[in-house]
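Worksheet: the structure to be examined is printed underneath.
Just so it is clear, the values below take in all heavy atoms, side chains as well, and ignore hydrogens, waters and symmetry mates.
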Number of protein chains: 2
Amino acid sequence: MRISVLATRTEVSVGTIKFYLREGLLPPGRQTSRTTAEYDESHVERIRLVRALTDAGGLGIAAVRRIIAVIDAPDPQRLDVLATAQDALTGRVDPEPDDSAASVGRAHSWVAARGWPTGPGDRVVERLERAWEACEQAGVHVEDSMMDDYADAVEQVARVDVAAVPPGADDAVRRVVVGTVMLEPVLSALRLLAQRAISVQG
Amino acid sequence: MRISVLATRTEVSVGTIKFYLREGLLPPGRQTSRTTAEYDESHVERIRLVRALTDAGGLGIAAVRRIIAVIDAPDPQRLDVLATAQDALTGRVDPEPDDSAASVGRAHSWVAARGWPTGPGDRVVERLERAWEACEQAGVHVEDSMMDDYADAVEQVARVDVAAVPPGADDAVRRVVVGTVMLEPVLSALRLLAQRAISVQG
DNA sequence: CTTGACTAGAAAGTGGTACTTTCTAAGCGT
DNA sequence: ACGCTTAGAAAGTACCACTTTCTAGTCAAG
């Protein structure tokens, strides 16, 4: 199909599609002449993926590019689908020098105590560290025990996440990444609803 | 204290503080002359709150303004702290006309079936509706039963949330709002870590 | 075979957000 | 009295996600 058809089918303007092509979010079509290219269903799907990640997922172009790179990678080491996916999800953060010695590595030691697998330079743990620290700064104190309570609950969430991925599937990476991103707003809304439900009836 | 001291204490530039004053995120100081005003600890705290919500919470100025308005409101109807807080958190969304009749009100009926309190025009349910629909569009199918599984887990999260709020506290609204926003990145990181832990050892 | 719609590709422009800079007129402080 | 600071307003900046405008070429109907 031509670019105008692609635009109609995806409800994305031709200009935006060209922008995605330039940005490498969308592979070029098969060129049939110097001014015409042929696009197919894979392009439709890709555009829908980009829109889903940017609109609902709230991701920026850079994050989407990383995710797409992972999805497009030919048969990655299946062993570490999750690590790969999570690497794409956690953008690199420049390691700011810690100013308070009191809470250095608090997240890391909590994760270790919890028995969850991690290693040095774990970007997800770094994220947790920052988020936890930010809570403290904002006056929302979270003790280790409370974190454990949250962890118990979130393990349940993760169990559902993992169960939803068909093991050994061809597009496991895609499902993990897209599912992780797209379900976040769902879980967020559920949390608000659950807060209500809990507080209404003890 | 003067504005320069406020800037030093909060590590926020004088220019930015003036910007916050203009935007109504920060109440003006007590003016001591036409070119000098006196700020106090409440200003320090307020600025830290704004930074926490924008930096870690990822909120925009508009959302922060809504939240601040709620926090500043004098003794709101204590009955509905949560509703007020959640209203501030869910920015207004223009109700887009639904195009597919198939899934209209899917979230609403699921919430009703779940027995969670809601009503017509519930913004949180609308959010869930959108997020759920976006998942389907992106090829991440979520059946009602899976949503129930997530809901069970998230109820646990909410229990911890609710337990952390001292009942009848003076600043309950503040704690609920700030806690809800600031803990989101924490929970997000926990989810990734839990996914790993679960998938590694069944 | 012409005419109008479409296309690729690149460059420049736009609107929104969150500040930052620059300005003036006026204290303040040593 | 001289430089440092301030309030307040206006204009400017950087970044992001597009959108517009351009050229040069192609295609399809009449």
Taking 4.0 angstrom as the limit, do A:D72 and A:R46 come out as a salt bridge? yes

Donor on one side chain, acceptor on other, B:R196 and A:Q86, under 3.5 Å: yes

In this structure, how many angstroms lie between the C1' atom of C:dT7 and the CD1 atom of A:I3, rounded? 8 Å

Nucleotide D:dA7, atom P - distance to CG of B:L26 in whole Å: 11 Å

Atom-pair distance (CG on A:L6; C1' on C:dA8), nearest Å: 14 Å

Whether the side chain of A:R191 engages the backbone of B:V157 through a donor-acceptor N/O pair (distance < 3.5 Å, no angle test) should be reported. no

Nearest-Å distance, CD1 (A:I47) to P (D:dA17)? 17 Å

With heavy-atom distances below 4.5 Å as the criterion, would you say the side chains of A:D122 and A:W116 are in contact? no

Under 4.0 Å between a side-chain nitrogen and a carboxylate oxygen: does that hold for A:D152 and A:R114? yes

Between B:R65 (side chain) and B:E23 (backbone), is there a donor-acceptor pair under 3.5 Å? yes

State, with a plain yes or no, whether a side-chain heavy atom of B:L53 is found less than 4.5 Å away from one of B:I68. no

Using a cut-off of strictly less than 4.0 Å between a heavy atom of the residue and any atom of DNA chain D, enumerate the qualifying residues of residues 36-46 of chain B by number. B:T36, B:A37, B:Y39

CD of B:E23 versus P of C:dG16: gap in Å, rounded? 15 Å

Return the set of residues passing salt bridge (Lys or Arg N to Asp or Glu O under 4.0 Å) with A:E45 (not counting sequence neighbours), or none when no residue passes. A:R174

Rounded to whole Å, the CD-C1' distance (A:Q31 to D:dC27) equals 15 Å

Note, A:E136 side chain near B:M182 side chain (heavy atom, < 4.5 Å): no

Over how many whole Å does the gap from A:L53 atom CG to D:dA17 atom C1' extend? 15 Å

Would you mind building the protein contact string for nucleotides 18-24 of chain C? One character per nucleotide, 5' to 3', B for base within reach (heavy atoms under 4.0 Å), S for sugar-phosphate only, - for untouched. SBBB---

Mind calculating the distance between CD1 (A:I17) and P (C:dG9) to the nearest angstrom? 14 Å

Is the phosphate of D:dC27, meaning OP1 or OP2, less than 4.0 Å from a side-chain N or O of A:S33? yes

